[in-house]
Q: 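Quick one: structure below, then a few questions.
Residues: numbered from 1 along the sequence shown.
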Amino acid sequence: MSNRQKILFVFTSAAKDALGQPTGWYLPEAAHPYYLLSPHYDIDFAAPAGPNPPLDQASVELFKNDAESVKFLKDDVAQDKLSKAFKLTDVKAEDYAAIFYPGGHGPVIDLPTDAASIKLASDFFQAGKPTAAVCHGPAVFVNVLDSNNLPIFKNRTVAGFSNAEEEQAGKTKNVPWLLEDKILEKGGTYVKANELWGEKVAVDGNLITGQNPASAKAVGVAILRQLQGTA
């Protein structure tokens, strides 16, 4: 047994998007933070339905030349974690130092209304632990509340996949709502990179959010800094 602190990565269990097209979690958004954090912390994987959360195959193709994404697919340890992913109902915030949600369109489908995910994220956030997500991942927080029983986006600065990026990807109908709109609707201050697909991370207290795949590693850096007390 390791004595290292643990971080929980939460994946979607949604294999179909709002149009019934294949979706899932987005490969580099898990791989990049994983390889940044795993040398320092033990990492567990979880999903609403537990083992084998669906991978968005489009992300495999798009990132076939990305070294860490390719490594993750061939990494026996990481793949074993996926095959044995915990059910969200079987994990508790008290056992972990931080929580992180990779993106993909899948998380917009199941996690925003998943009771176990909502409670888990609320527990992490209210305990002051790094509560992080990237790209479409911040969608999981839309029904998460802070200690004042207010949306955690309210009066906080938040990054996430932009409307313009969703439009350029041709996927505005593949999700039930657009993340940028929802962040604003919940009272958040939405921020984004100056250019499409550029890196942008927002850190507001222990809420850490990233805009897109290019921001995934930087979200990992922000988690690491908070946990190591160098933020």
Side-chain angles (χ1 to χ4, degrees), residues 9-12 17-18 23-34 36-37 56 58-59 62-63 66 68-69 98-109 111-112 117 121 124-125 130-144 146 150-226 231:
F9 277 35
V10 178
F11 294 82
T12 180
D17 63 22
T23 190
W25 56 272
Y26 212 74
L27 177 58
E29 294 169 14
H32 293 173
Y34 178 83
L36 187 88
L37 295 167
D56 184 339
S59 68
L62 284 168
F63 287 84
D66 176 73
E68 288 187 331
S69 294
I99 191 170
F100 169 68
Y101 291 82
H105 285 96
V108 191
I109 303 299
L111 289 169
S117 179
F124 272 92
F125 186 75
T131 304
V134 70
C135 200
H136 289 88
V140 309
F141 299 141
V142 298
N143 292 311
V144 173
D146 65 14
L150 296 171
I152 66 169
F153 290 158
K154 190 170 180 65
N155 298 325
R156 293 187 177 91
T157 301
V158 186
F161 205 58
S162 69
N163 289 357
E165 286 167 326
E166 201 74 87
E167 288 162 7
Q168 191 174 84
K171 297 281 191 177
T172 57
K173 303 299 184 188
N174 297 71
V175 285
W177 32 261
L178 298 178
L179 180 55
E180 180 180 336
D181 292 347
K182 189 66 76 170
I183 291 168
L184 294 170
E185 178 187 311
K186 293 287 183 176
T189 299
Y190 177 77
V191 294
K192 61 182 178 181
N194 292 328
E195 68 283 349
L196 292 177
W197 312 103
E199 179 185 312
K200 184 68 176 182
V201 174
V203 179
D204 196 323
N206 58 313
L207 181 64
I208 302 168
T209 49
Q211 182 176 335
N212 47 32
S215 309
K217 185 166 288 185
V219 168
V221 170
I223 295 170
L224 192 63
R225 285 176 175 163
Q226 285 204 357

Q: Would you say that N174 contacts E166 through its side chain, given a criterion of any heavy-atom pair below 4.5 Å between the two side chains?
A: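 No; the side chains remain at least 4.5 Å from each other.
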
Q: Any non-hydrogen side-chain atom of F141 less than 4.5 Å from a side-chain atom of T131?
A: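 In contact.
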
Q: What pair of heavy atoms forms the shortest contact from T209 to A159, and how long is it?
A: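 It is OG1-N, 2.9 Å.
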
Q: Might you point out which heavy atoms bring F161 and L179 nearest each other, and give the distance in Å?
A: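 The pair with the smallest heavy-atom distance is N-CD2, 3.7 Å.
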
Q: Okay, side chain of Q211, backbone of A193: is any donor-acceptor separation there less than 3.5 Å?
A: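 Checked: pair present.
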
Q: State, yes or no, whether a side-chain contact exists between T12 and I109 at a heavy-atom distance under 4.5 Å.
A: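 Side chain of T12 against side chain of I109, heavy atoms only: no contact under 4.5 Å found.
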
Q: Taking atom CG of L184 and atom CG of L178, what is their separation to the nearest 0.5 Å?
A: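 That separation rounds to 11.0 Å.
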
Q: With side-chain contact (heavy atoms from CB on, under 4.5 Å) as the test, would you mind laying out the steps for D146 and R156 before giving the verdict?
A: CA-CA 11 Å; D146 65 14; R156 293 187 177 91; 3.3 Å; yes

Q: Taking C-beta and beyond as the side chain, do K186 and V158 meet within less than 4.5 Å on heavy atoms?
A: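 K186 does not reach V158 side chain to side chain.
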
Q: Minimum heavy-atom separation for L196 to S162, with atom names?
A: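 Reported closest heavy-atom pair: CD2-OG, 4.3 Å.
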
Q: If only atom types and distance count, is the side chain of D56 paired as donor or acceptor with the main-chain N or O of T23 below 3.5 Å?
A: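 Judged by distance alone, no pair lies under 3.5 Å.
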
Q: If every non-hydrogen atom of A18 is compared with every non-hydrogen atom of K173, which pair is closest and at what distance?
A: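 Scanning both residues completely, I find the closest heavy atoms to be CB-O, 3.9 Å.
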
Q: Side chains of W177 and E185: is there a donor and an acceptor less than 3.5 Å apart?
A: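 No, no side-chain donor-acceptor pair sits under 3.5 Å.
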
Q: Which one of F124, F9, W25 satisfies the ring-ring contact (aromatic ring centres under 6.0 Å, His included) criterion with F100?
A: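 Only one of F124, F9, W25 forms a ring-ring contact (aromatic ring centres under 6.0 Å, His included) with F100, namely F9.
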
Q: Any sub-3.5 Å donor-acceptor pair from D204's side-chain atoms to T157's backbone N or O?
A: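 Answer holds: yes.
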
Q: Taking all atoms of both residues into account, what is the closest heavy-atom pair of A169 and W197, and its distance?
A: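 In terms of heavy atoms, the two residues are closest at CB-CH2, 4.4 Å.
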
Q: Could you tell me whether the side chain of Q226 and the main chain of L207 form a donor-acceptor pair under 3.5 Å?
A: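 Not confirmed, Q226 side chain does not pair with L207 backbone.
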
Q: About how many Å separate NZ of K154 and CD1 of I183, when rounded to the nearest 0.5 Å?
A: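 The NZ atom of K154 is 14.5 Å from CD1 of I183, to the nearest 0.5 Å.
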
Q: Side chains of E165 and K171: does their closest heavy-atom pair fall under 4.5 Å?
A: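 No - every pair of side-chain heavy atoms lies 4.5 Å or more apart.
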
Q: Check whether any side-chain N or O of N212 sits under 3.5 Å from a backbone N or O of S215 as a donor-acceptor pair, and report yes or no.
A: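 Such a contact is found between N212 side chain and S215 backbone.
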
Q: What verdict does the salt bridge (Lys or Arg N to Asp or Glu O under 4.0 Å) test give for K217 and E68, after you've listed the backbone C-alpha separation in whole Å, the side-chain angles of each residue and the deciding distance to 0.1 Å?
A: CA-CA 11 Å; K217 185 166 288 185; E68 288 187 331; 3.4 Å; yes

Q: Looking at F153 and P138, what are the two nearest heavy atoms and their distance?
A: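 Here F153 and P138 meet closest at CZ-O, 3.2 Å.
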
Q: Among V219, I208, I99, find the one that has a side-chain contact (heavy atoms from CB on, under 4.5 Å) with P130.
A: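 Only one option passes, and that is I208.
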
Q: Short question: side chain of Y190, backbone of G160 - any donor-acceptor pair under 3.5 Å?
A: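 Such a contact is found between Y190 side chain and G160 backbone.
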
Q: So, the side chain of S59 versus the backbone of Y26: is there a donor-acceptor pair under 3.5 Å, distance only?
A: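 Not confirmed, S59 side chain does not pair with Y26 backbone.
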
Q: Quick one, L37 with I223, criterion side-chain contact (heavy atoms from CB on, under 4.5 Å). Give me CA distance, side-chain angles, the key distance, then yes/no.
A: CA-CA 8 Å; L37 295 167; I223 295 170; 4.2 Å; yes

Q: Is it the case that the side chains of H136 and E29 hold a donor-acceptor pair, with the cut-off being a distance below 3.5 Å and no angle test?
A: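 No, H136 and E29 have no side-chain donor paired with an acceptor closer than 3.5 Å.
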
